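The structure presented is a predicted model; accordingly, all values stated were derived computationally and were not measured.
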Amino acid sequence: QVHLVDSGGDSVQPGGSLRLSCAAAGSTLNNYTIGWIRQAPGKEREGVSCLSRLTGNTYYLDSVKGRFGISRDIANGTVSLRMISLKPEDTAVYYCAARTAICGGRADTSYDFWGQGTQVTVSS
């Protein structure tokens with residue numbers, strides 16, 4: 001139904017910043033709850049952030065609170081994840097994902113539509 005395209009991953013030094021973007025090909029994300037999820041090699045996927053449709057409520061993984069921010073660009077129908085003060089442990093493939101249900105009080109991993117993933121590498 002919704003083809004998600006995520007982008008913006010790169011290799012940066014510790015303390016650096018990145019902005020990841022999520023878009024729906026030929027459509028808009030404005031009617032969806034959007035999550036960002038990451039997976040490091042050999043580890044389980046973990047929810048990083050959730051942005052609810054309707055309410056606009058946001059939720060974050062404890063380890064990224066104060067460093068990451070999720071927001072909508074309503075005019076363009078896209079969602080961004082702004083990341084600052086990046087740490088080596090943030091290294092992972094990051095995925096954006098979408099569903100219609102609002103966030104359930106935390107950054108989770110249960111979504112219906114997924115992007116292809118974009119690599120974030122934080123190293124010196």
**Item:** Spacing of Gln39 atom CD and Glu46 atom CD [to the nearest 0.5 Å]
**Value:** 9.5 Å

**Message:** Tell me if a side-chain donor or acceptor on Thr33 pairs with a main-chain N or O of Arg53 at a distance below 3.5 Å.
**Reply:** yes

**Request:** Specify the closest pair of heavy atoms between Arg38 and Asp90, including all atoms of both residues, with the distance to one decimal.
**Result:** NH1-OD1, 3.0 Å

**Item:** All salt bridge (charged side-chain N to carboxylate O under 4.0 Å, His left out) counterparts of Arg99, not counting sequence neighbours
**Value:** Asp108

**Asked** Just by modelled atom types, is the Gly9 backbone N or O under 3.5 Å from a matching donor or acceptor in the Thr118 side chain?
**Response** yes

**Residue pair Arg67 / Ser85: nearest heavy atoms and the distance that separates them** = NH1-O, 3.0 Å

**Request:** Spell out, yes or no, whether Val64 and Ile34 are grouped together once hydrophobic residues are joined by side-chain heavy atoms under 4.5 Å, including indirect joins.
**Result:** yes

**Asked** In Å and rounded to the nearest 0.5 Å, what is the OG to OH distance from Ser27 to Tyr32?
**Response** 6.5 Å

**Within one Ile-Leu-Val-Met-Phe-Trp-Tyr cluster: Leu61 and Val120, side-chain cutoff 4.5 Å** = yes

**Message:** Listing request: all disulfide bond (SG atoms under 2.5 Å apart) pairs with a residue in residues 34-70, at least two apart in sequence or in separate chains.
**Reply:** Cys50-Cys103

**Item:** Ser49 side chain vs Tyr59 backbone, donor-acceptor pair below 3.5 Å
**Value:** yes

**Message:** If hydrophobic clusters are built by linking Ile, Leu, Val, Met, Phe, Trp and Tyr wherever their side-chain heavy atoms come under 4.5 Å apart, do Trp114 and Val48 end up in the same one?
**Reply:** no

**Prompt:** Is the Phe68 ring parallel, tilted or perpendicular to the Tyr94 ring (thresholds 30°, 60°)?
**Reply:** tilted

**Prompt:** Should Leu86 and Trp36 be regarded as members of a common hydrophobic cluster, given that ILVMFWY residues are connected when their side-chain heavy atoms come within less than 4.5 Å of each other, either directly or indirectly?
**Reply:** yes

**Student check: side-chain heavy atoms of Ser123 and Ser11 closer than 4.5 Å** = no

**Asked** When rounded to the nearest 0.5 angstrom, what distance separates CE in Met83 from CG in Leu20?
**Response** 4.0 Å

**Message:** Measuring from atom CD1 of Ile102 to atom CG of Leu51, what distance do you get when rounded to the nearest 0.5 angstrom?
**Reply:** 11.5 Å

**side-chain hydrogen bond (donor to acceptor under 3.5 Å, both in side chains) contacts touching residues 16-26 (sequence neighbours left out)** = Arg19-Ser21, Arg19-Ser80

**Asked** With distance as the sole test, does Asp6 use its side chain to make a donor-acceptor pair with the main-chain N or O of Cys96 at under 3.5 Å?
**Response** yes

**Spacing of Asp10 atom CG and Gln119 atom CD [to the nearest 0.5 Å]** = 10.0 Å

**Message:** When you group the ILVMFWY residues by side-chain heavy-atom contacts below 4.5 Å and let the links chain together, are Tyr60 and Leu18 in the same group?
**Reply:** yes

